[in-house]
Amino acid sequence: MTVGRPGDAAVAVVRIERPQVHNALNAALLRALGDEIAALGADGRTRAIVLTGSGQKAFSAGADLDELATLDAEAAHVVMRAGQEVIRRIERSPVPVIAAVNGLALGGGFELVLACSFAVVSRRAAFGLPESGLGLIPGYGGTQRLAKVVGPYVARHVMLTGERIDAERAYQLGLAVTPPTEPDELLAAALGIAETITARGPEACRAILDAVDRGRDMPLDAGLALETGLAALAIGGSESTEGVAAFKEKRAPKFEGLA
Ligand SMILES: CCCCCCCCCCCCC[C@H](O)CC(=O)SCCNC(=O)CCNC(=O)[C@H](O)C(C)(C)COP(=O)(O)OP(=O)(O)OC[C@H]1O[C@@H](n2cnc3c(N)ncnc32)[C@H](O)[C@@H]1OP(=O)(O)O
């Protein structure tokens, strides 16, 4: 894994680096990813994170099958929960984690994307959950998160057939928020979105991520109550004082970093 800060210092690029196995996620790499993203989210300087894969072929080929093959059911249960917790920690990042899907995102690689804030794709991207063809099932949240994005029908089809979703269909399904880019334009597209976000209120962005995450499984009235509490804090906070003043004075707001 490598971390870089091209251009805007408020944006960090985290690159999954195991090119010899198409960026397959072993325990060490997944833990390192989780630790790095957590550290960036807490450093008070980083306002957005771009997560991408090294090389041309894959974002990530999923869990490391060599490592997985060493496990019995009891050991697998323990390590898989640990893996899920790492991915859940990434999902709960206080700063947006933008997946820049440069190639195949299969199995745990796709599940990692599903835990990001949103994704942009190159035309080389494709998503799949091939586990059933290996006698496995998704174990990093795919059975729970995919249907929330594409609906249960498409989710079942993807998991039962192992069929891949190509970049264009990913955009149509909402798995990607912009149309597929040329491969050499993907990072710039992701960084462009990240830099847009860094010009907006950091506390407001953190509250939006929190409200969507915590509210998604709540009954509507409970979610609305959650939203009201967070929105009231925003209205009473210094960030909106600066944001509204900047609007009235017809200037760009100058927001402080994350508290
Ligand atoms: C914090 C604690 C965490 C603890 C984790 C413990 C692990 C156990 C937990 C499991 C959790 C499960 C979660 C998940 O839902 C399950 C999965 O992700 S299962 C894996 C799903 N992925 C796949 O099935 C994809 C497998 N790969 C491919 O289909 C192809 O490689 C490809 C990506 C389509 C590319 O094809 P090719 O271009 O032909 O390249 P090769 O196939 O020849 O690959 C080159 C080389 O890389 C090796 N490799 C590829 N993918 C993996 C992989 N996922 N794991 C290990 N190795 C992989 C491949 O074997 C080749 O090796 P070589 O033959 O050169 O030695």
Side-chain angles (χ1 to χ4, degrees), residues 1 14-41 51-93 97 99-116 119 121-150 154-167 169-170 175 183:
M1 173 189 72
V14 177
R15 198 177 294 274
I16 306 169
E17 294 258 13
R18 285 190 81 205
Q20 70 280 17
V21 287
H22 294 304
N23 303 328
L25 301 169
N26 61 10
L29 173 54
L30 192 57
R31 282 197 185 91
L33 272 178
D35 291 346
E36 185 59 50
I37 288 172
L40 289 167
L51 176 64
T52 193
S54 64
Q56 298 294 315
K57 179 111 187 187
F59 173 85
S60 170
D64 186 310
L65 289 165
D66 296 321
E67 188 170 68
L68 185 148
T70 66
L71 302 169
D72 60 22
E74 190 178 349
H77 192 281
V78 171
V79 294
M80 212 169 336
R81 281 298 295 145
Q84 282 185 346
E85 283 163 18
V86 169
I87 288 180
R88 180 71 177 124
R89 204 169 141 208
I90 292 170
E91 187 172 47
R92 293 284 295 134
S93 167
V97 181
V101 187
N102 58 297
L104 294 171
L106 303 176
F110 186 5
E111 293 170 294
L112 181 56
V113 174
L114 287 170
C116 291
V121 294
S122 91
R123 60 181 174 73
R124 286 202 181 123
F127 299 91
L129 291 173
E131 287 86 345
S132 60
L134 301 168
L136 300 167
I137 79 165
Y140 283 158
T143 63
Q144 306 305 306
R145 293 191 175 95
L146 181 58
K148 294 182 188 297
V149 178
V150 302
V154 172
R156 290 188 195 102
H157 180 258
V158 164
M159 286 184 273
L160 294 175
T161 66
E163 277 187 28
R164 294 178 188 169
I165 298 173
D166 67 19
R169 184 154 180 248
L175 280 168

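Both ligands and their constituent atoms are indexed starting at 1 by order of listing. If you read the sequence from its start, that first residue is 1, and numbering goes on from there.
- Considering only non-hydrogen protein atoms, atom 1 (C) of ligand 1 sits nearest to Arg31 CG, 3.6 Å.
- At the shortest separation from atom 29 (O) of ligand 1 among protein heavy atoms lies Leu106 CD1, 4.3 Å.
- Distance from atom 5 (C) of ligand 1 to its nearest protein heavy atom, with residue and atom name: Tyr140 OH, 3.1 Å.
- Under the 4.0 Å distance rule, the nearest protein heavy atom to atom 62 (O) of ligand 1 falls outside the cut-off.
- Of all protein heavy atoms, the one lying nearest to atom 58 (C) of ligand 1 is Val21 CB, 4.0 Å.
- The closest approach between a heavy atom of Gly142 and any atom of ligand 1 is not below 4.0 Å.
- For ligand 1, the atoms lying closer than 4.0 Å to a non-hydrogen atom of Leu68 are 10 (C).
- Taking the charged nitrogens against the carboxylate oxygens, Arg88 and Glu85 have no contact shorter than 4.0 Å, which rules out a salt bridge.
- Ligand 1 is approached by Arg164 to a heavy-atom distance shorter than 4.0 Å.
- If you check which protein heavy atom lies closest to atom 51 (N) of ligand 1, you get Ala61 CB, 3.5 Å.
- Put simply, the side chain of Leu29 does not reach to within 4.5 Å of the side chain of Asp64, judged on heavy atoms.
- In the candidate list His22, Gln20, Gln84, His22 is nearest to atom 35 (C) of ligand 1, counting heavy atoms.
- By the definition of a contact as any protein heavy atom under 4.0 Å away, atom 24 (O) of ligand 1 is in contact.
- Looking only at protein heavy atoms, the nearest one to atom 55 (N) of ligand 1 is Leu65 N, 2.9 Å.
- In the vicinity of Glu67, heavy-atom distances shorter than 4.0 Å reach the ligand 1 atoms 5 (C), 6 (C), 7 (C).
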